[in-house]
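FYI, the numbering just counts along the sequence from 1. When reading the values below, keep in mind they use all heavy atoms of this one structure, side chains included, and skip hydrogens, waters and symmetry mates.
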Amino acid sequence: MGEKLKVKLSDIILAMETADQYTENFIDAETGELVWISDMMMSPDEIEEVASQLDEHGFYRLPTSFDIREYDMMEEFVYSLPEPAQSRLERAIRGKGAFRRFHDTICQLGVDSQWYEYQESEYRKKAIEWCEENELEYEE
């Protein structure tokens with residue numbers, strides 16, 4: 001097929017960070033552009049138009065929020081911390097409202113910047129892994 005498609009890692013990371021249950025992100029195989037389809041933000045006609053272009057050009061589907069599993073990221077971060085922060089956060093992430101309690105608690109503990117660095121690193125790793133699995137070259 002000649003030269004591999006080259007994508008911007010920052011675009012992949014942004015798409016993964018902003019993924020939600022209503023949106024799917026794709027890379028157009030012809031242009032290398034990031035394309036998204038949102039059930040909440042687009043009309044059925046707009047969705048059909050974008051889907052037709054993707055079908056015509058070919059596409060790569062980026063990981064969904066379900067694939068990314070941010071909760072698992074939070075859990076791994078919690079277990080990387082020393083006590084008593086680990087126990088407090090472990091309780092915070094259990095049950096309904098876990099994301100809000102997690103964010104409140106990391107701020108109270110003063111580990112919020114550690115979390116954001118950890119999260120950024122994890123998204124970067126996942127984006128590189130995705131590019132490699134799809135045999136796509138990437139640039140910073």
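Expressed to the nearest 0.5 Å, how far CG of Leu5 lies from CD of Glu30 amounts to 10.0 Å.
Side-chain contact check for Met40 versus Asp20: every heavy-atom pair is 4.5 Å or farther apart. Looking only at side-chain heavy atoms (C-beta outward), Glu122 and Phe77 stay at 4.5 Å or farther from each other. By the 4.5 Å heavy-atom criterion applied to side chains, Leu34 and Ile27 are counted as neighbours. A 4.5 Å side-chain heavy-atom check between Trp115 and Met73 finds at least one atom pair inside the cut-off. Within the 4.5 Å cutoff, the side chain of Asp45 has no heavy atoms near those of the Glu49 side chain. No side-chain heavy atom of Leu81 sits less than 4.5 Å from a side-chain heavy atom of Leu109.
In this structure a side-chain-to-backbone donor-acceptor pair under 3.5 Å is missing from Arg124 to Leu9.
Ring-plane geometry between Tyr116 and His103 is classed as parallel, the angle between the planes falling under 30 degrees on a 0 to 90 degree scale with a further cut at 60.
Within a 6.0 Å radius of OH in Tyr71, more than 12 heavy atoms belonging to other residues, nucleotides or ligands are found. With a 6.0 Å radius and a threshold of 12 heavy atoms from other residues, nucleotides or ligands, Glu76 has its CD atom above the threshold. Shown here is Glu83, whose CD atom has more than 12 heavy atoms of other residues, nucleotides or ligands within 6.0 Å.
Residues Gln119 and Glu70 bring a donor and an acceptor atom of their side chains to less than 3.5 Å of each other. Judged purely by distance below 3.5 Å, without hydrogens or angles, the side chains of Thr64 and Asp67 pair a donor atom with an acceptor atom.
For the side-chain contact (heavy atoms from CB on, under 4.5 Å) with Tyr138, the lone residue among Lys8, Lys6, Glu132 that qualifies is Glu132.
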